[in-house]
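What follows is a structure written as structure tokens; I'll ask about it next.
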Amino acid sequence: MKTPQPLLSLRTPSAAHENGDVRGISVMMHHHAGRKTLRWICHIAYLCAAVCLLPAQAATPAIISDNAIFKPVQAQQAMVVADEPLAARIGLDLLRQGGNAVDAAVAIGFAMAVTYPRAGNIGGGGFMLIHQADKHRVTALDYRETAPQKAHRDLFLDAQGQVDGQLSRFSPLAVGVPGTVAGLLLALEKYGSLPLSRVLTPAIQLAREGFPVSPDLHQALQSRRQHLSAAAQQVFYHDGQALAAGQTLVQKDLAATLQRIAEQGRAGFYSGDTARLLIADMTAHGGIMSLADLAQYQPVLRTPVQGEFRGYQVYSMSPPSSGGVHIVQLLNLLSAYDLRTLGHNSAATIHYMAEAMKYAYADRAKYLGDPDFVSVPVAGLTALEYAQQLRKNIDPQRVTPSKDISAGQPPGYESPQTTHFSVMDAAGNAVANTYTLNFSFGSGLMAPGTGFLLNNEMDDFSAKPGVPNAYGLVGGEANAVAPGKRMLSSMSPTIVLKDQKPFLITGSPGGSRIITTTLQIILNVIEHGLNLQEAVNAVRVHHQWWPDELSVEQGLSVDTYHQLQKLGHKIKESPWAMGAANSILRAPDTGRLHGAADPRRSSAVAVGF
Ligand code: GLY
């Protein structure tokens with residue numbers, strides 16, 4: 001496959017960079033030194049730079065120092081880390097009863113559709129990475145939504161040819177054909193060990209009998225009321241008020257839908273009563289999804305994207321997610337720098353990460369889309385030679401403005417809501433699952449009688465190539481709308497192996513920030529040697545090429561902020577915490593499991609035994 005060329009006209013590397021000046025040493029040296037001294041300083045600078053560019057060794061990860069302020073939960077045999085405790089415990093109970101990691105993951109997936117309606121779903125889609133211990137194999141399961149057959153390239157353009165965000169986000173046209181049910185059923189059938197009814201029963205009970213609303217759910221409902229349809233409001237609000245924390249949320253229609261799935265399998269969702277209720281309501285409100293779209297939906301098993309970083313094998317989600325490609329591309333780009341010596345979240349480390357991120361997101365806009373519709377140069381983008389080529393454009397002392405790479409118009413962001421959970425069982429099977437409705441509570445639409453919320457994933461297509469979507473992501477032709485096509489995603493469920501055994505299970509929500517969040521978890525553990533909880537808690541940064549700003553979470557030191565500004569970064573404190581990377585690590589020395597729930601989601605838990 002042809003190695004992709006860097007996009008557009010990239011800056012010629014500066015003379016300082018040609019001399020290997022990667023730490024800003026040369027800035028100080030030219031003024032006062034004589035020629036001989038200057039030559040010596042140049043040599044020393046060059047050597048330092050060379051050291052900095054040598055492939056570094058991995059830190060010794062997984063050591064939990066007594067002094068550490070944050071420590072992961074530890075367990076010997078099995079672990080679940082998820083955004084919602086009732087669902088996490090359902091998964092853990094199945095593991096305790098002899099179920100494997102896939103049984104647990106499927107049970108959690110269905111349970112979160114009940115207990116975590118802002119992102120847990122049966123009306124959306126997602127991706128699951130599965131490590132089979134007995135086969136030493138990692139498989140990628142793609143259950144991303146598809147565009148209905150009546151969709152077309154200009155579906156979301158108004159009469160003036162402008163993108164209508166309301167249509168692509170909050171109308172029946174926003175809804176992609178849901179993939180979650182087919183995906184979870186396929187996972188169970190191929191890799192699980194328990195019958196469907198057993199795995200679904202806890203979710204059905206929670207929906208039928210109800211559960212106490214958590215403060216987190218109450219708050220989420222309060223903030224999104226104006227986006228929820230009348231049918232959805234009937235479920236989650238009483239007398240116009242979001243159910244209060246502690247009140248019982250009963251979802252009878254959802255229980256009936258789940259019961260039909262338990263009894264009829266795929267047909268209980270993609271045909272019969274559920275399908276009829278869904279399509280009747282969509283059609284009545286101007287939707288284009290048909291019974292045939294539902295009947296034809298198929299999840300796909302794909303080969304994950306694979307890369308190597310400091311002796312670890314990184315497996316992540318392949319297209320139609322952009323996640324795996326760019327995580328591997330970024331690790332390749334950054335592998336030449338000794339970030340560990342430069343320091344975790346130091347200005348120099350963040351500078352290299354941010355500059356690398358820009359090139360990755362520029363490539364994302366141009367090359368990434370549904371591989372069943374467009375040719376995605378995965379091998380080229382993840383090749384070490386390509387990283388080497390791109391790295392020449394990274395100036396250690398100065399920001400390369402995004403406008404020198406390309407241009408775009410930044411919109412505001414929508415709050416990114418997706419959910420990731422990680423599961424590991426005693427046999428070494430592992431699951432990294434990220435699924436979503438796109439926005440919090442998706443499109444807010446719910447067909448009366450079905451009880452489940454519908455996604456607004458169609459907004460992840462490029463409604464008009466070159467115009468950014470809700471996450472500010474600029475897309476290209478490769479991600480234009482087409483019938484039956486999957487919209488490009490950033491979801492990046494990731495499994496890192498060491499010596500063929502799962503070492504790190506991770507991933508995150510966060511829209512466009514999913515890729516950079518997941519990247520930083522990997523770097524924090526492998527490069528910086530942080531324990532898993534420190535790695536998950538650490539302040540995150542993000543650059544997505546456009547808008548041309550370095551987004552940072554609260555808590556970056558003022559000194560670092562100023563250093564980065566001196567290098568030319570336009571820094572913007574993110575209005576949200578970035579992602580929620582619920583992760584598991586198996587300590588190679590003891591075999592113990594470390595679980596880290598992300599504190600950015602107040603309800604997230606790590607549970608194990
Ligand atoms: N809906 C966000 C994503 O799939 O990346």
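Each ligand, and each atom within it, is numbered from 1 in the order the structure gives.
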Among Asp460, Leu437, Thr436, closest by any non-hydrogen atom to atom 2 (C) of ligand 1: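 It is Asp460 whose heavy atom sits nearest to atom 2 (C) of ligand 1.
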Flag, side chain of Ser318 to backbone of Thr303, donor-acceptor distance under 3.5 Å: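 Confirmed, Ser318 side chain pairs with Thr303 backbone.
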Residue, atom name and distance, where the atom is the protein heavy atom closest to atom 5 (O) of ligand 1: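 Its nearest protein heavy-atom neighbour is Ser490 N, 2.7 Å.
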Side-chain donor-acceptor contact under 3.5 Å, His542 with Thr516: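 Yes, because at least one side-chain N or O of His542 sits under 3.5 Å from a partner of the opposite role on Thr516.
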With Glu477, the salt bridge (Lys or Arg N to Asp or Glu O under 4.0 Å) member among Lys464, Lys366, Arg153: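 Exactly one pass, corresponding to Arg153.
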Parallel, tilted or perpendicular: ring planes of Tyr435 versus Phe421, cut at 30 and 60 degrees: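 Because their plane-to-plane angle is over 60°, the rings of Tyr435 and Phe421 count as perpendicular.
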Which residue and heavy atom of the protein sit nearest atom 4 (O) of ligand 1, plus the separation: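 Closest protein heavy atom to atom 4 (O) of ligand 1: Ser489 OG, 2.7 Å.
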Atoms in ligand 1 flagged as close to Met491, the criterion being non-hydrogen separation under 4.0 Å: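 Those qualifying, in numeric order: 4 (O), 5 (O).
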Arg144 contact mode with ligand 1 (heavy-atom cut-off under 4.0 Å):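 The side chain, only.
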Residues which pass side-chain hydrogen bond (donor to acceptor under 3.5 Å, both in side chains) with Thr180, listed by chain and number, not counting sequence neighbours: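 With neighbours one apart ignored, the set is Asn121.
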